[in-house]
Amino acid sequence: MLEMKFVRNNPQVVQAALAKRGSSVTLDEFLKLEEQRREKLFMVEQMKNRRNTVSEEIGKLKKAGQKAPDMVLEMRELSREIKEKDEEVKALEERLQVILLDIPNIPHESVPIGTSETDNPVMRIWGEPCGFGFQPKPHWDLGEALDIIDFERGGKVTGARFVFYKGLGARLERAVFNFMLDLHTTEHHYEEIFPPFIVNRDSMVGTGQLPKFAEDMFKIEGSDYYLIPTAEVPVTNLYRNEILDGEKLPILHCAYSACFRAEAGAAGRDTRGLIRLHQFNKVELVKFCRPEESYTELEKLTQNAERVLQLLGLPYRVILLCTGDMGFSSAKTYDIEVWLPSYQAYKEISSCSNFEDFQARRASIRFRNAKGKVELAHTLNGSGLAVGRTVAAILENYQEADGTVTIPEVLRPYMGGLDRIG
RNA sequence: GGAGAGUUGGCCGAGUAGGUUGAAGGCGCUCGCCUGCUAAGCGAGUAUACGGGCAUAACCUGUAUCGAGGGUUCGAAUCCCUCACUCUCCGCCA
């Protein structure tokens with residue numbers, strides 16, 4: 001969410017940012033209502049001031065044993081008017097809030113202007129897609145042949161886009177996220193969090209999933225609770241409505257969680273395999289920092305995520321999302337894409353974003369700076385990494401001609417020393 | 001799920017027969033004084049949001065906020081209702 005005052009005073013800046021993202025929303029209504037709000041607020045506050053003054057006087061008179069029926073009568077009428085005006089102001093504020101919550105973040109100046117993913121520049125490429133001396137299989141075929149992933153029964157027991165991992169498949173999934181957590185906590189100094197996988201509505205609004213993207217979420221019927229689409233939600237909301245000690249910044253957290261997504265708009269896309277499931281595992285990196293350091297922290301966070309792929313020996317590239325392809329809450333986003341032989345393409349495995357103060361304002365996450373003044377923190381997060389997609393990439397990139405899969409060396413301690421599946 | 005007790009500022013903790021209480025007192029913190037060092041002592045300051053004045057600064061000023069939302073009243077931290085959360089006991093369960 002942008003600041004009401006900022007939008008009021010810089011409508012052309014906001015309008016230009018919206019245009020860059022390809023949005024045609026106008027601010028006319030907002031500006032009109034905002035002016036009305038301030039007018040009415042000023043009026044009602046003056047009325048309240050009078051009520052406070054007179055009420056105090058009545059109190060004094062009463063204490064002195066006197067009565068003031070005419071004053072009481074006048075105040076009764078005034079209070080009635082205040083109530084009316086208060087409701088008008090409240091209605092305006094609610095409407096303004098709805099508009100504000102719907103305005104996406106302003107892209108950082110370093111973000112290239114573009115309309116779709118074809119406009120995303122490639123920042124760097126690591127490793128090389130390896131050639132196979134045989135016809136490589138997609139991971140869903142490997143998973144079934146090795147009897148380590150069961151897609152069919154996932155469909156039977158739950159439904160489309162749910163899977164069972166079994167045996168060494170389950171072990172591999174667990175090995176991958178344990179490896180990621182260990183790497184981030186020990187080498188990158190993130191503090192581990194194990195969050196709730198269910199959050200309330202306020203948390204979903206805080207990180208920007210609601211109110212705009214309700215159809216992407218699983219809501220728990222008969223309650224105000226939602227299944228988390230990413231650990232970003234509970235972990236960022238850890239400090240909602242808090243004022244942090246500036247000395248403690250930056251705060252670095254990493255968290256494993258299952259993630260639940262309705263994938264409402266994804267019909268027909270990535271229907272096979274582990275790439276797009278309603279439930280998947282992910283290790284998330286989250287940072288809270290001072291505004292002046294958030295962009296260097298974004299670079300570091302992205303590198304921390306890349307490190308996982310480097311250690312696993314999986315070829316990847318990093319792209320910078322253009323204005324038209326960026327998420328609603330983000331000011332700047334790098335996507336890390338891993339090479340998937342089955343797609344003959346790089347496929348997103350991590351998304352690292354700086355939200356600046358956009359989430360912090362929604363969630364009221366602030367800190368006290370060196371001068372003792374309260375400032376909004378900047379929040380960042382990135383996948384470090386999506387576990388299922390990592391497993392898919394390992395199976396495909398490490399497959400052998402005989403249908404077995406070599407286990408990357410760094411994972412072997414997590415696999416009981418095993419060096420091969422199959 | 002049943003019964004009871006709570007929820008006040010960075011923290012602890014007063015305050016409920018409604019009336020200068022944004023809120024005593026203490027701790028912590030900041031600045032100044034004092035002081036061989038440390039400790040102690042003295043003085044001052046120390047919430048946030050949104051308006052108005054104003055340069056979107058400093059500062060001045062208004063309004064709101066004592067878990068959240070409603071209600072009663074000229075006036076509510078204090079009375080009433082609903083909800084959330086915490087604690088204790090019982091039940092249930094991993």
Side-chain angles (χ1 to χ4, degrees), chain A residues 1-14 27 30-97 99-101 106 194 196-206 220 222-226 234 237-249 251 291 357 360-377:
Chain A
M1 178 168 70
L2 303 176
E3 188 187 16
M4 181 122 49
K5 207 185 291 181
F6 178 82
V7 179
R8 177 210 307 159
N9 293 331
N10 305 279
Q12 65 296 331
V13 174
V14 176
L27 297 172
F30 175 88
L31 293 170
K32 199 181 78 200
L33 294 178
E34 215 286 321
E35 199 183 331
Q36 283 177 23
R37 165 187 159 263
R38 273 179 300 143
E39 262 172 39
K40 285 193 197 290
L41 186 62
F42 186 68
M43 259 161 66
V44 76
E45 284 188 352
Q46 281 187 321
M47 288 159 78
K48 283 180 180 173
N49 181 228
R50 169 149 172 79
R51 181 176 68 183
N52 288 346
T53 319
V54 175
S55 289
E56 201 175 298
E57 245 173 85
I58 293 172
K60 277 180 188 159
L61 287 173
K62 270 213 165 164
K63 250 190 180 161
Q66 290 176 285
K67 286 186 177 175
D70 48 335
M71 283 166 112
V72 169
L73 224 61
E74 190 202 332
M75 286 307 103
R76 186 175 299 166
E77 176 58 22
L78 184 62
S79 269
R80 204 187 52 74
E81 285 173 37
I82 287 174
K83 203 170 166 185
E84 265 175 33
K85 277 269 177 302
D86 257 345
E87 268 159 29
E88 288 175 30
V89 172
K90 200 173 160 191
L92 283 168
E93 276 173 350
E94 273 167 13
R95 178 73 195 121
L96 284 164
Q97 197 69 9
I99 297 174
L100 272 182
L101 285 173
I106 295 175
F194 195 104
F197 295 175
I198 294 176
V199 296
N200 59 30
R201 187 188 160 81
D202 284 346
S203 295
M204 286 296 224
V205 172
I220 294 176
S223 79
D224 188 34
Y225 292 161
Y226 295 80
N237 279 283
L238 253 183
Y239 305 115
R240 173 151 53 83
N241 294 331
E242 290 189 30
I243 298 175
L244 302 164
D245 178 358
E247 300 278 308
K248 300 237 166 76
L249 299 179
I251 294 172
D357 61 15
R361 185 171 295 107
R362 286 174 162 244
S364 191
I365 302 166
R366 296 169 293 173
F367 71 99
R368 209 170 286 282
N369 65 24
K371 286 179 186 159
K373 287 208 51 164
V374 172
E375 273 188 76
L376 287 168

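Lettering follows sequence order; numbering is per chain, from 1.
- Comparing the P positions of B:A76 and B:G18 gives a spacing of 13 Å, expressed to the nearest Å.
- Side-chain N or O atoms of A:Arg361 include one that pairs as donor or acceptor with a backbone N or O of A:Met1 at under 3.5 Å.
- A straight line from NZ of A:Lys85 to C1' of B:A64 spans 18 Å, rounded to a whole angstrom.
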Self-check item: Strand RNA chain B as a dot-bracket string - pairs counted if Watson-Crick or G-U with both distances under 3.5 Å, | where the partner lies in another strand
Solution: ((((((((.[[[..)...(.....]]]((((((.......))))))(((((((.....))))))).[[[[[..)....]]]]])))))))....
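- Candidate nucleotides B:A47, B:G51, B:G62 were compared by shortest atom distance to the side chain of A:Glu34, and B:G51 ranks first.
- If you take atom P in B:G10 and the same atom in B:A23, they sit 14 Å apart, rounded to whole Å.
- Under 4.0 angstrom from either OP1 or OP2 of B:G51 there lies at least one side-chain N or O belonging to A:Arg37.
- Comparing the same atom, C1', in B:C29 and in B:C37 gives a spacing of 23 Å after rounding to whole Å.
- Checking the phosphate oxygens (OP1, OP2) of B:U63, a side-chain nitrogen or oxygen of A:Asn49 falls inside 4.0 Å.
- Atom C1' of B:U88 sits at a distance of 40 Å from the matching atom of B:U20, rounded to the whole Å.
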Quiz item: Between A:Arg38 and A:Glu34, is a salt bridge (charged side-chain N to carboxylate O under 4.0 Å, His left out) present by the stated rule, with each step listed?
Solution: CA-CA 6 Å; A:Arg38 273 179 300 143; A:Glu34 215 286 321; 2.9 Å; yes
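- Comparing A:Glu3 and A:Arg50 by the nucleotide of RNA chain B that holds the closest heavy atom to each, the one mapping nearer the 5' end is A:Glu3.
- Atom CZ of A:Arg37 is separated from atom CZ of A:Arg8 by 6.5 Å, given to the nearest 0.5 angstrom.
- Put simply, A:Lys90 has no side-chain N or O that comes within less than 4.0 Å of OP1 or OP2 on B:C50.
- For the C1' atoms, the distance from B:G22 to B:C66 is 9 Å, rounded to whole Å.
- The interatomic distance linking A:Arg240 (CZ) with B:G67 (P) rounds to 18 Å, in whole Å.
- A:Val374 comes within contact range of the sugar-phosphate backbone alone, with a heavy-atom separation under 4.0 Å but no base atom that close.
- A salt bridge does not link A:Lys60 to A:Glu57: none of the charged side-chain nitrogens sits closer than 4.0 Å to a carboxylate oxygen.
- Looking at A:Asn200 and A:Ser203, their side chains do bring a donor and an acceptor atom within 3.5 Å of each other.
- Straight-line distance from the CG atom of A:Asp224 to the P atom of B:A84: 10 Å, rounded to whole Å.
- Using atom P as the reference point in both B:U63 and B:G75, the two lie 15 Å apart (nearest Å).
- When the shell of 6.0 Å around OH of A:Tyr225 is examined, it contains 12 or fewer heavy atoms from other residues, nucleotides or ligands.
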Kindly give the atom pairs (protein nitrogen or oxygen, nucleotide nitrogen or oxygen) under 3.5 Å for nucleotides 71-77 of chain B.
from: B:G71; atom 1: OP1; to: A:Lys83; atom 2: NZ; distance (Å): 3.4
from: B:C74; atom 1: OP1; to: A:Arg76; atom 2: NE; distance (Å): 3.0
from: B:C74; atom 1: OP1; to: A:Arg76; atom 2: NH2; distance (Å): 2.6
from: B:C74; atom 1: OP2; to: A:Arg76; atom 2: NE; distance (Å): 3.4
from: B:C74; atom 1: O4'; to: A:Val72; atom 2: O; distance (Å): 3.4
from: B:C74; atom 1: O3'; to: A:Ser79; atom 2: OG; distance (Å): 3.4
from: B:C74; atom 1: O2'; to: A:Ser55; atom 2: OG; distance (Å): 2.9
from: B:C74; atom 1: N4; to: A:Lys62; atom 2: NZ; distance (Å): 3.4
from: B:G75; atom 1: OP1; to: A:Ser79; atom 2: OG; distance (Å): 2.8
from: B:G75; atom 1: O4'; to: A:Ser55; atom 2: OG; distance (Å): 3.3

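- The pair A:Glu93-A:Lys40 does not count as a salt bridge, with every side-chain nitrogen at least 4.0 angstrom from each carboxylate oxygen.
- Remark: side-chain polar atoms of A:Arg362 are paired, donor with acceptor, to backbone N or O of A:Val205 under 3.5 angstrom.
- Without hydrogens or angle criteria, A:Asn369 side chain to A:Lys373 main chain gives a donor-acceptor distance under 3.5 Å.
- Distance, A:Asp202 CG to B:G67 C1': 13 Å, rounded to whole Å.
- Atom CD in A:Glu39 sits roughly 10 Å away from atom P in B:G52 (whole-Å rounding).
- Computed from coordinates, the A:Asn241 CG to B:G10 C1' distance equals 16 Å when rounded to whole Å.
- An OP1 or OP2 oxygen of B:U48 is reached within less than 4.0 angstrom by a side-chain nitrogen or oxygen of A:Arg368.
- A:Glu57 has its CD atom 13 Å from the C1' atom of B:U20, to the nearest Å.
- Annotation: A:Glu247, atom CD; neighbour count of heavy atoms from other residues, nucleotides and ligands within 6.0 Å does not exceed 12.
- Residue A:Gln97 contributes atom CD, which lies 12 Å from atom C1' of B:C50 at whole-angstrom precision.
- Only the C1' atoms considered, B:C87 is 29 Å distant from B:A17, to the nearest whole Å.
- A salt bridge is absent between A:Glu45 and A:Lys48; no separation between the charged side-chain nitrogens and carboxylate oxygens falls under 4.0 Å.
- A gap of 15 Å separates the C1' atoms of B:G91 and B:G4, to the nearest Å.
- For A:Leu41 and A:Glu45, each mapped to the nucleotide of RNA chain B holding its nearest heavy atom, the one lying further toward the 5' end belongs to A:Leu41.
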